[in-house]
Undergrad: 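Take a look at this one; I'll ask things after.
Keep in mind it's a predicted model, so treat the numbers as computed, not measured. Excluded from the calculations below are hydrogen atoms, water molecules and symmetry mates; all remaining heavy atoms, backbone and side chain alike, are included.
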Amino acid sequence: MSEILVVLEREVVAPPDVTFDALADYTIMRPKILPEQFTGYEVTAGGTGEGTHVTYDLHATKKRVRHVEAVVTEPPAGQQLLESDTRSTLRVLWDVAAAPSGSRVTVKITWQGAGGVKGFFERTFAPGGLKRIYGEKLDRLQQQIAQDAP
């Protein structure tokens, strides 16, 4: 088993605090930016940033569905949100930093991959699928922030 890492980055035309607050809003904003591969999304505790608990099903493919029960923490290094699945090694780290256009959002998705043949296929195909899914999520974030701007 080896760690699998998927990294995506997008520029968002909004100040970092606006972008971070949007990402930290698991009750109103997050449901608006979820692609169709996320189903059954529910906030089970909290709702904003640290201490929030969410549950959802992530449909990586038509047959591959992962049930996630994530707890959100805010690491001390800058404007970050870490979503840790309590049922697996899946971790999703959102990082918001200043950029010339407003904000740069970096998302890092990690988990311990399977071994053997199954692990080979997971390392080969999962990163591309997650880049597509989370890329759409980042695009929707930009669209929603622009739509909500005064």
Undergrad: Considering all heavy atoms of both residues, which atom of Gln79 and which atom of Asp17 are nearest to each other, and what is their separation?
TA: NE2-CA, 3.9 Å

Undergrad: Under a single-linkage definition using a 4.5 Å side-chain heavy-atom cutoff for Ile, Leu, Val, Met, Phe, Trp and Tyr, are Val71 and Tyr26 assigned to the same hydrophobic cluster?
TA: no

Undergrad: Go through the structure and list residues passing side chain to side chain donor-acceptor pair (under 3.5 Å) with Thr106, not counting sequence neighbours.
TA: Glu9

Undergrad: Find out whether Phe20 and Glu74 are in side-chain contact, i.e. whether some heavy atom of one side chain is under 4.5 Å from a heavy atom of the other.
TA: yes

Undergrad: With salt bridge (charged side-chain N to carboxylate O under 4.0 Å, His left out) as the test, would you mind laying out the steps for Arg140 and Glu136 before giving the verdict?
TA: CA-CA 6 Å; Arg140 287 174 176 227; Glu136 183 176 344; 3.0 Å; yes

Undergrad: Below 4.5 Å, heavy atoms only, C-beta onward: do Phe38 and Ile33 meet side chain to side chain?
TA: no

Undergrad: Given side chains that start at C-beta, do those of Leu130 and Leu8 come closer than 4.5 Å, heavy atoms only?
TA: no

Undergrad: With rounding to the nearest 0.5 angstrom, report the CG to OG1 distance, Leu90 to Thr110.
TA: 7.0 Å

Undergrad: State, yes or no, whether a side-chain contact exists between Leu34 and Lys137 at a heavy-atom distance under 4.5 Å.
TA: yes

Undergrad: If you measure from NZ on Lys108 to CG on Leu5, what distance do you get to the nearest 0.5 Å?
TA: 7.5 Å

Undergrad: Does the plane of the ring in Trp94 sit parallel, tilted or perpendicular to the ring in Tyr134? Use 30° and 60° as the thresholds.
TA: tilted

Undergrad: Working note: Arg30 + Leu23, criterion side chain to side chain contact (heavy atoms under 4.5 Å, CB included); need CA distance, chi angles, decisive distance, verdict.
TA: CA-CA 7 Å; Arg30 284 298 181 107; Leu23 280 170; 3.8 Å; yes

Undergrad: Taking ILVMFWY side chains as joined if any heavy atoms are under 4.5 angstrom apart, and letting links pass through other members, which residues group with Leu82?
TA: Leu93

Undergrad: Checking Arg10 against Val107 for the side chain to side chain contact (heavy atoms under 4.5 Å, CB included) test, could you report, in this order, the C-alpha distance in whole Å, the side-chain angles of both residues, the deciding distance, and whether it holds?
TA: CA-CA 9 Å; Arg10 290 283 196 288; Val107 59; over 6 Å; no

Undergrad: Using the test side chain to side chain donor-acceptor pair (under 3.5 Å), find all partners of Thr19 that sit at least two apart in sequence or belong to another chain.
TA: Ser103

Undergrad: So, do Arg66 and Asp57 sit near enough that their side-chain heavy atoms are less than 4.5 Å apart?
TA: no

Undergrad: Once you round to the nearest 0.5 Å, how far does OG1 of Thr52 lie from CG of Leu81?
TA: 8.5 Å

Undergrad: Run the side chain to side chain donor-acceptor pair (under 3.5 Å) test against Glu11 and tell me which residues pass, sequence neighbours left out.
TA: Ser101

Undergrad: Name all residues meeting the side chain to side chain donor-acceptor pair (under 3.5 Å) criterion together with Arg87; count only those two or more places apart in sequence or in a different chain, and write none if there are none.
TA: none

Undergrad: Please, which pairs that meet side chain to side chain donor-acceptor pair (under 3.5 Å) have at least one residue in residues 32-47, sequence neighbours excluded?
TA: Thr39-His59

Undergrad: Return the minimal non-hydrogen interatomic distance between Ala98 and Pro16, and the atom names on each side.
TA: CA-CG, 3.7 Å

Undergrad: Taking atom OG1 of Thr89 and atom CH2 of Trp111, what is their separation to the nearest 0.5 Å?
TA: 9.0 Å

Undergrad: How many angstroms lie between CZ in Arg104 and CG in Asp95, if you round to the nearest 0.5 Å?
TA: 7.0 Å

Undergrad: Check the pair Glu69 / Asp85 against side chain to side chain contact (heavy atoms under 4.5 Å, CB included), numbers first and verdict last.
TA: CA-CA 5 Å; Glu69 294 178 9; Asp85 185 10; 4.2 Å; yes

